[in-house]
Amino acid sequence: MDMMMNDESLMLQDLVQRFVERELMPLEAAVLRREAETGAYKLLPEEEEPLLEKCRELGLWGLDVPEEMGGVDLSALDRLMVEEEVSRTITPFEFPPDSPNLHMLKAVATPEQREKYMIPYAEGRMKSCIAISEPGAGGDPAGMITRAVKDGSDWVINGRKIWVSRVPYCDFIILMARTGEGQREEGVTAFIVEKNTPGFIIEREIAMIGGKKTYELVFEDCRVPDGAVLGELGRGYAPMQLRLNIRRLQVGARCVGIIRRALEMMVDQANNRTTFGVKLADRQAIQWWIADAAIRVHALRLMVQAAARTLDSGGDVRNEASMIKVFATETAQEVLDHAMQCHGAMGLTKELPLQLFFQQVRLMRVYEGPTEVHRMAIARRMLKSRR
């Protein structure tokens, strides 16, 4: 785990581990009980506010925010380590702000947009989300048909988006829409659309597994100023891919944390549970589950760290991000299934976090690109390299 990390990184890791174990894990019982009884998977304000205050006190705020904006400006390697540690708990908490959107703003925002959106976003005074997928263009975002047409000094947007997270709580949304005639990524532009903009409609809330919710949005003659264009006109696909690649590496780091927790629970259960006069720890099937989980989580962590190093050095991580997305989600789902099986009926209850982890990993196999699409992209790159 630590071979690529310097002393400062190790100190940060220790700080985050203690935060997770002392502040977040004690909330798990209440979170699980609330989700089981009401379906609400969230922290209450009186639970979240002390956590946010503790983050400010410990310097765990704005971890990849630029230093000139008061942030820590962590490397990708350190940021993904933080992601791994906080993912060991089912308590729904992330160190603010949302990293991928921040990176997209950092890459292409104008000085005016940085002042109006990025700075308050980095300081935690604003929240954002991104709308990419459409009812007819999910795994292939290049097939989107939502369109923005120039009208004087404004843009008029018409279309529909789906599977968008956190919409009701966001102050602005990053919207991807077509402004050109290209059939794939050509002509895709990013726009910043503020909440309460006329024509921006939350059509419906969609309940998902794992306690998650997403939203379907409609844009009917939604008018935004020319200053709402984020990045270059017709070139929004590249910064969107930057955001997606960062999110895919985060998926890998999150799966490392989830696998670690599932493996710990499986080992504890194997050491303490006896069936038919034999400890589970002495059964070969259980031993192999544990061994395979340990091998794969080690390999996955090294994959994530190597990709983070490449990202920090300015390299292209598209292929590595796809590999990580596939390997991480499929490995985590298998390990969680074995951990649930090892716990017997108790593993299937809502009293343990395993079932929520399992559902959330199942979601991960679809969002940020289905695993099948990533396999296709990996194969395409490999085949092209030998032509």
Report, as yes or no, whether the 6.0 Å neighbourhood of atom [atom1] on [X] holds more than 12 heavy atoms from other residues, nucleotides or ligands.
X	atom1	value
K106	NZ	yes
R273	CZ	no
E220	CD	no
E8	CD	no
M346	CE	yes
I202	CD1	yes

Are [X] and [Y] close enough that a side-chain donor and a side-chain acceptor fall under 3.5 Å?
X	Y	result
Q359	Y41	no
S322	N319	no
D78	S9	yes
E134	T146	yes
N158	R147	no

Counting distance only, does the side-chain N/O of [X] pair as donor-acceptor with the main-chain N or O of [Y] below 3.5 Å?
X	Y	result
T179	G187	yes
R34	K42	yes
R88	R260	no
T189	G234	yes
N245	Q241	yes
T331	A328	no
K195	V167	no
K325	G369	yes
D312	A76	yes
Q113	M118	no

Taking every non-hydrogen atom, the tightest pair across [X] and [Y]:
X	Y	answer
L52	F93	CD2-CE1, 3.8 Å
G252	I324	CA-CG2, 3.6 Å
W289	C342	CZ3-N, 4.1 Å

Could you tell me whether [X] and [Y] make a salt bridge, using a distance below 4.0 angstrom between a side-chain N and a carboxylate O?
X	Y	answer
E94	R254	yes
E53	R56	no
K213	E205	yes

If you measure from [atom1] on [X] to [atom2] on [Y], what distance do you get to the nearest 0.5 Å?
X	Y	atom1	atom2	value
M144	S133	CE	OG	8.0 Å
R247	M104	CZ	CE	13.0 Å
I192	E194	CD1	CD	8.5 Å
I145	R178	CD1	CZ	9.5 Å
Y215	R204	OH	CZ	12.5 Å
L43	L51	CG	CG	6.5 Å

Practice prompt. Measure the acute angle between the ring planes of F19 and F95, then classify it against the limits of 30° and 60° as parallel, tilted or perpendicular.
Written response: tilted
Fill in: Partner of W155 by side-chain contact (heavy atoms from CB on, under 4.5 Å), out of V193, L233, V149
L233
